[in-house]
Amino acid sequence: MYVLDDKDRALLVALQRDSRQTVQQLAAAVGLSATPCWKRVKDMEAAGVIRGYSATVDRESVGLALCVLAEVNLTQHNEGTVREFERAVAACPQIVACYSTTGGADYSIKVLVPDIRSYESFLHETAFRLPGVTHIRSSVVLKEVKAEAGVPIPGAGQPAGGRPRKPARPRASRAAG
């Protein structure tokens, strides 16, 4: 695990908020000069802490109005079936997220398509044909209440300058006497 200090955490928060900032803007935001800031970012990239940069696209603006969360069960749980299923899922553009889970389902997937007819086609032409699939239970998303792309950075609530703030002590009242 890469050991983060307060400046690294502040950089990660700033980059997740806006990855198009210049090094000078990032440095000013976290209280560093440009060169040490650039070096820290490059070190975190090299260590895999920062895996890449991307644009957040409004799915409805590009014609993907329907979001479906589906639970998938496999017929078998052997290595070959699991590997084939995961490989097929990775190659499917409509599936934008897939998680191996505990509980009632083997996997949970997030599917983005234009409309309900497109989802029905996706089910019959793609999902039911995925290797090992025995059952799919779908839930149509009515409203996205929260869909954060970023990761909460532990300890990032501390000031960028270093030590955590101490909570204010209640003042003792003096008894009149």
Side-chain angles (χ1 to χ4, degrees), residues 1-5 8-21 26 38-157:
M1 186 172 95
Y2 191 88
V3 178
L4 302 172
D5 66 13
D8 294 329
R9 287 188 282 275
L11 282 168
L12 292 173
V13 169
L15 284 169
Q16 286 187 113
R17 189 174 39 251
D18 179 6
S19 65
R20 296 183 68 191
Q21 295 179 71
L26 278 172
W38 177 84
K39 183 175 177 354
R40 283 172 179 262
V41 170
K42 290 300 171 191
D43 288 347
M44 287 189 285
E45 289 172 352
V49 175
I50 299 173
R51 295 189 333 198
Y53 301 89
S54 64
T56 303
V57 177
D58 179 78
R59 66 179 171 81
E60 292 186 34
S61 296
V62 296
L64 299 172
L66 188 67
C67 177
V68 179
L69 304 176
E71 295 178 339
V72 180
N73 289 96
L74 301 182
T75 56
Q76 300 177 350
H77 299 98
N78 61 51
E79 188 177 334
T81 302
V82 167
R83 194 172 338 143
E84 282 182 55
F85 172 79
E86 290 178 359
R87 200 174 299 136
V89 164
C92 183
Q94 296 96 331
I95 300 173
V96 297
C98 178
Y99 305 95
S100 175
T101 59
T102 62
D106 297 319
Y107 290 89
S108 291
I109 60 174
K110 180 178 178 180
V111 180
L112 299 180
V113 290
D115 52 36
I116 197 69
R117 286 197 172 127
S118 299
Y119 184 67
E120 182 183 19
S121 294
F122 164 80
L123 281 174
H124 293 289
E125 296 169 15
T126 305
F128 291 143
R129 296 180 182 183
L130 291 170
V133 169
T134 185
H135 178 77
I136 298 175
R137 181 174 156 204
S138 304
S139 297
V140 173
V141 173
L142 299 175
K143 176 172 78 171
E144 286 184 4
V145 177
K146 182 177 181 180
E148 295 292 324
V151 176
I153 308 299

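FYI, side chains are in, hydrogens and waters are out, and symmetry mates aren't considered; it's all heavy atoms of this structure. Nothing here was measured: the structure is a model prediction, and the numbers come from that model.
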*Asks:* Going by heavy atoms in the side chains, are V13 and R9 under 4.5 Å from each other?
*Replies:*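 Not touching, per the 4.5 Å side-chain cut-off.
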
*Asks:* Between Q76 (side chain only) and T81 (backbone N and O only), is there a donor and an acceptor less than 3.5 Å apart?
*Replies:*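 No: the side chain of Q76 does not pair with the backbone of T81.
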
*Asks:* Which distance, rounded to the nearest 0.5 Å, do you find between the CD of E86 and the CG of L130?
*Replies:*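 So the gap between those two atoms works out to 11.5 Å.
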
*Asks:* So which atom in P131 and which in L74 form the shortest heavy-atom distance, rounded to 0.1 Å?
*Replies:*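 Reported closest heavy-atom pair: O-CD2, 4.0 Å.
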
*Asks:* What distance do R51 atom CZ and E45 atom CD have between them, rounded to the nearest 0.5 Å?
*Replies:*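 Going from the CZ atom of R51 to the CD atom of E45 covers 13.5 Å.
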
*Asks:* What pair of heavy atoms forms the shortest contact from A127 to V133, and how long is it?
*Replies:*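 Shortest heavy-atom contact: O-CG2, 3.7 Å.
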
*Asks:* So V72 and I136, do their side chains get closer than 4.5 Å, heavy atoms only?
*Replies:*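 Result yes, sub-4.5 Å side-chain heavy-atom pair found.
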
*Asks:* Within the structure provided, determine whether S118 and L66 are in side-chain contact (heavy-atom separation under 4.5 Å).
*Replies:*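 Side chain of S118 against side chain of L66, heavy atoms only: no contact under 4.5 Å found.
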
*Asks:* Please test V111 against V96 for side-chain contact (heavy atoms from CB on, under 4.5 Å), starting from the C-alpha separation and ending with a verdict.
*Replies:* CA-CA 6 Å; V111 180; V96 297; over 6 Å; no

*Asks:* Roughly how far, to the nearest 0.5 Å, is the OG1 atom of T101 from the CD1 atom of I109?
*Replies:*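 Those atoms lie 11.0 Å apart.
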
*Asks:* Find the distance between CZ (F85) and OG (S100) and round it off to the nearest 0.5 Å.
*Replies:*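 It comes to 9.0 Å.
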
*Asks:* How far apart are the closest heavy atoms of P114 and A65, and which atoms are they?
*Replies:*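 Heavy atoms of P114 and A65 come nearest at O-CB, 3.5 Å.
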
*Asks:* Nearest 0.5 Å please: distance from the CD1 atom of I116 over to the OG atom of S121.
*Replies:*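 Reported value, rounded in 0.5 Å steps: 10.5 Å.
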
*Asks:* For D8, give me all partners under salt bridge (Lys or Arg N to Asp or Glu O under 4.0 Å), at least two apart in sequence or on another chain.
*Replies:*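 In terms of salt bridge (Lys or Arg N to Asp or Glu O under 4.0 Å), with neighbours along the sequence ignored, D8 is linked to R40.
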
*Asks:* Any idea which heavy atoms bring L112 and L64 closest together, and the distance?
*Replies:*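 Closest approach of L112 to L64: O-CD2, 4.0 Å.
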
*Asks:* Determine yes or no for a side-chain-to-main-chain donor-acceptor pair under 3.5 angstrom, with D106 supplying the side chain and T75 the backbone.
*Replies:*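 Not confirmed, D106 side chain does not pair with T75 backbone.
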
*Asks:* So, taking the atom named CG in L15 and the one named OH in Y53, what distance separates them when rounded to the nearest 0.5 Å?
*Replies:*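 One finds 5.0 Å between CG of L15 and OH of Y53.
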
*Asks:* For a side-chain contact (heavy atoms from CB on, under 4.5 Å) check, start with the C-alpha distance between M44 and L4, then their side-chain angles and the critical distance, and finish with the verdict.
*Replies:* CA-CA 9 Å; M44 287 189 285; L4 302 172; 4.0 Å; yes

*Asks:* Among residues two or more places apart or on two chains, list those pairs meeting side-chain hydrogen bond (donor to acceptor under 3.5 Å, both in side chains) that have a residue in residues 142-153.
*Replies:*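 Of all non-adjacent pairs touching residues 142-153, those that pass side-chain hydrogen bond (donor to acceptor under 3.5 Å, both in side chains) are R59-E144.
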
*Asks:* Other residues, nucleotides and ligands only: do more than 12 of their heavy atoms fall within 6.0 Å of OH on Y99?
*Replies:*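 Not buried by this count: 12 neighbours or fewer within 6.0 Å.
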
*Asks:* Quick test of your reading of the model: are E84 and R87 salt-bridged, counting only N-O distances below 4.0 Å?
*Replies:*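 Between R87 and E84 there is no salt bridge, as every charged N stays at least 4.0 Å from the carboxylate O atoms.
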
*Asks:* For the pair R117 and E120, evaluate salt bridge (Lys or Arg N to Asp or Glu O under 4.0 Å) and give the outcome as yes or no after the intermediate values.
*Replies:* CA-CA 5 Å; R117 286 197 172 127; E120 182 183 19; 5.9 Å; no

